[in-house]
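This report concerns only the one structure given below.
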Amino acid sequence: MKNNILYKHRFLIGRRIVQISILLLYIAGNIYGWKILQGNLSSSKILDVIPMADPYAVLQLFVAGSLLATDVLIGALIVLLFYSLIGGRAFCSWVCPINMVTDFANWLRMKTGLHREEWQLRISRKTRYWVLGLSLVVSFIIAAPAFEFISPISMLHRGLIFGMGFGWVAVGGVFLFDLFVTKNGWCGHVCPLGGFYSLITKPSAIRVKHDADKCTLCMNCKNVCPEKQVLWMIGKESVIVSSGECINCGRCIEVCNDDALNFSFRYKPQKEEKEDA
Amino acid sequence: MAESSKVDKGRRKFFIQILQGLGLAALGGSIWGGYVAEAKHDEIVLRPPGAVPEEEFIRKCIKCGLCVEACKNRENNPDETKQTATLRLAAPGDHRPKEEGKYIYPKEVPVGTPYFVPREIPCYMCEDIPCVPPCPTGALDPELVSSVKDGKKVLDINKARMGVAVVDAENCIAYWGLQCDACYRACPLIDEAIKLELRRNPRTGRHAFLLPVVYPDVCTGCGLCELACVTEKPAIFVLPRNIALGRVGKHYVKGWEKQDEQRLKGSKGIQKTITPKSEKSPEEYLNVEDLLDEE
Ligand code: SF4
Ligand code: SF4
Ligand code: SF4
Ligand code: SF4
Ligand code: SF4
């Protein structure tokens with residue numbers, strides 16, 4: 001059972017099912033008027049009642065100088081609280097449609113041998129925070145939500161629901177960037193939404209937990225992790241992955257043959273949990 | 001000493017890096033800002049009913065498409081099997097001239113925002129305005145399309161001001177003297193937003209022109225007339241109101257309107273420039289001077 005291929009990819013399969021179902025529900029919401037999920041990732045409604053909104057987009061609108069209706073503020077708060085207190089940066093790996101594009105680019109990169117350390121353009125992982133800051137400055141100056149005009153995430157998601165136009169160009173750009181320029185280039189280095197979620201999801205409850213006693217130092221987890229800097233404790237300390245940059249994708253868990261990594265719930269009372277705040 | 005120069009170097013490198021970072025950010029920011037400024041600016045685009053003024057609209061719309069979905073799934077959708085929604089969410093590169101020279105179109109609709117193209121699908125002026133209430137941000141404001149009925153505030157599509165219809169008298173065949181009232185009959189506010197004006201046709205001497213005339217204070221800009229117009233490129237078309245309409249300025253007072261006269265109260269009158277000619281009263285000037293004798 002443990003070596004079953006399905007089991008080995010349980011989180012990957014789960015993520016794809018979640019990503020695609022969310023997308024299909026949105027599409028049905030547009031075409032057939034289903035009320036389960038309406039709108040798109042920028043702002044939507046569940047069952048015609050519960051509002052949801054992208055807190056980063058709302059922040060940009062706010063900086064651009066708009067007084068917003070309460071609907072979208074409540075929606076942003078719901079999403080914000082969910083990811084920051086519970087889900088972690090799961091948006092990136094479980095919901096965001098660009099994740100499928102970049103995962104594919106990454107897979108191709110590995111399969112075709114395009115991936116060589118020396119071919120990588122070195123970009124700091126901090127770049128996303130610069131882009132994040134810049135997006136707010138530009139939003140303020142230009143009095144419009146700056147990232148929303150160029151966001152490949154919204155373009156892809158909106159495009160799949162409402163029609164793509166030239167949105168493929170932006171999505172293709174991200175794909176090529178990840179394929180040829182830097183491994184996990186977009187999601188791990190540039191995307192300001194990812195940066196935003198990294199900053200706010202530090203306190204979240206669902207966390208990967210490392211058990212150093214079981215670890216055999218094979219480093220499979222570090223090889224597969226798109227944010228490997230968060231796995232500094234591998235083989236060293238039995239602690240949870242507490243960085244907000246972990247996207248809760250579960251890849252490290254799938255790949256570990258020694259059961260040294262697992263999802264855990266941070267606030268469950270436990271005997272000896274050391275946290276690095 | 002060696003220690004301190006090392007520190008200095010480290011510090012210099014640090015500052016240079018910061019400056020480089022700032023430089024890159026400034027460069028990236030100005031390209032980005034320029035792009036957005038370009039992309040967000042297109043005035044010839046028609047927004048859904050209840051849309052706040054364009055500048056504010058761009059600031060508020062979160063591009064969720066809830067208005068578009070509501071429009072698509074409205075009850076009076078004429079044909080549910082096709083893409084018959086009035087509103088669409090602009091995809092990148094949604095340039096409007098689909099057929100060159102056929103319609104007047106903006107160069108690009110700001111990406112992700114809702115708009116409509118009347119000549120393709122006009123707004124059907126749904127009485128319950130399904131597109132407005134779902135808007136989560138206030139980019140579509142129910143206040144702008146509400147009126148008070150029996151002491152209660154109700155949605156009222158007739159208050160929508162999506163644009164205003166403009167007649168091109170050169171190409172409207174009714175102005176040629178041919179009989180056409182397609183636009184007039186298509187208008188949901190027939191005889192209010194658009195009326196037929198009778199005028200004698202001097203060419204034949206015995207026929208009448210039946211001229212469509214739009215009343216901008218009533219017209220909602222729905223575009224049903226534009227869709228109905230029989231000419232190849234419509235001779236009646238909807239433009240955003242700030243483009244189609246003029247502005248008189250505050251200094252004109254309509255003497256024939258009691259209300260407007262009120263504005264004169266407390267006014268000190270107008271300061272005139274006095275020239276040798278205007279020193280005399282107009283009568284004096286006209287009577288005294290020999291205007292015909294120019295020599
Ligand atoms: S630590 Fe594990 S769950 Fe977190 S991003 Fe890396 S692979 Fe994914
Ligand atoms: S009022 Fe016009 S834009 Fe609104 S739902 Fe009806 S047809 Fe669509
Ligand atoms: S519902 Fe409002 S925020 Fe959403 S796309 Fe329409 S106008 Fe924009
Ligand atoms: S004149 Fe044309 S745009 Fe104006 S309300 Fe009538 S049909 Fe609509
Ligand atoms: S439908 Fe067109 S051509 Fe006919 S009267 Fe109206 S504007 Fe003129």
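A, B, ... follow the sequence lines: proteins, then strands. Residue 1 opens every chain.
Contact of A:Val169 with chain B is not made at all, since no heavy-atom distance falls under 4.5 Å. With a threshold of 4.5 angstrom between heavy atoms, A:Leu61 approaches chain B through its backbone and through its side chain. Contact of A:Ser135 with chain B is made through backbone and side chain together, with heavy-atom distances under 4.5 Å. Contacts of A:Tyr26 with chain B are made by backbone atoms alone, with heavy-atom separations under 4.5 Å and no side-chain atom involved. Within the 4.5 angstrom heavy-atom criterion, only backbone atoms of B:Cys61 (N, CA, C, O) approach chain A. For A:Val72, the parts lying under 4.5 angstrom from a heavy atom of chain B are both the backbone and the side chain. Residue contact with chain B, scored on non-hydrogen atoms closer than 4.5 Å, involves the backbone and the side chain of A:Phe147 alike.
The neighbour count for A:Phe62 CZ, taken as heavy atoms of other residues, nucleotides or ligands under 6.0 Å away, does not exceed 12. A 6.0 Å sphere centred on CD of A:Gln229 holds more than 12 heavy atoms belonging to other residues, nucleotides or ligands. No more than 12 heavy atoms of other residues, nucleotides or ligands shown are found within 6.0 angstrom of CZ on A:Phe140.
Taking chain B as the reference chain and counting heavy-atom pairs below 4.5 Å, the highest number among A:Pro51, A:Ala57, A:Gly65 is found for A:Gly65. Put simply, of B:Ala139, B:Gly65, B:Gly138, the one with the most heavy-atom pairs under 4.5 Å next to chain A is B:Gly65.
Taking all atoms of both residues into account, the shortest heavy-atom contact from B:Arg59 to A:Ala143 is CG-O, 3.1 Å. Shortest non-hydrogen contact noted between B:Ile62 and A:Ser43 is CG2-CB, 3.6 Å.
For A:Glu245, the salt bridge (Lys or Arg N to Asp or Glu O under 4.0 Å) partners two or more places apart in sequence, or in a different chain, are A:Arg128. A:Pro226 meets the side-chain contact (heavy atoms from CB on, under 4.5 Å) test with A:Asn184, A:Ile247, A:Cys249, A:Arg251; sequence neighbours excluded.
A side chain to side chain contact (heavy atoms under 4.5 Å, CB included) with B:Pro136 holds for exactly one of A:Ile74, A:Asp71, A:Thr70; it is A:Asp71.
Here the straight-line distance linking atom CZ of A:Phe149 with atom CD1 of B:Ile58 works out to 4.5 Å at 0.5 Å rounding. We find the OG1-CD distance between B:Thr113 and A:Glu148 to be 12.5 Å, quoted to the nearest 0.5 Å. The SG atom of B:Cys64 sits 10.5 Å away from atom CD1 of A:Ile161, with the distance rounded to the nearest 0.5 Å. Distance CZ/A:Phe162 to NZ/B:Lys72: 7.5 Å, rounded to 0.5 Å. From A:Asn40, atom CG reaches atom CG of B:Leu89 across 7.0 Å, with rounding to the nearest 0.5 Å.
In terms of modelled atom types and a separation under 3.5 Å, the side chain of B:Glu56 and the main chain of A:Ser66 share no donor-acceptor contact.
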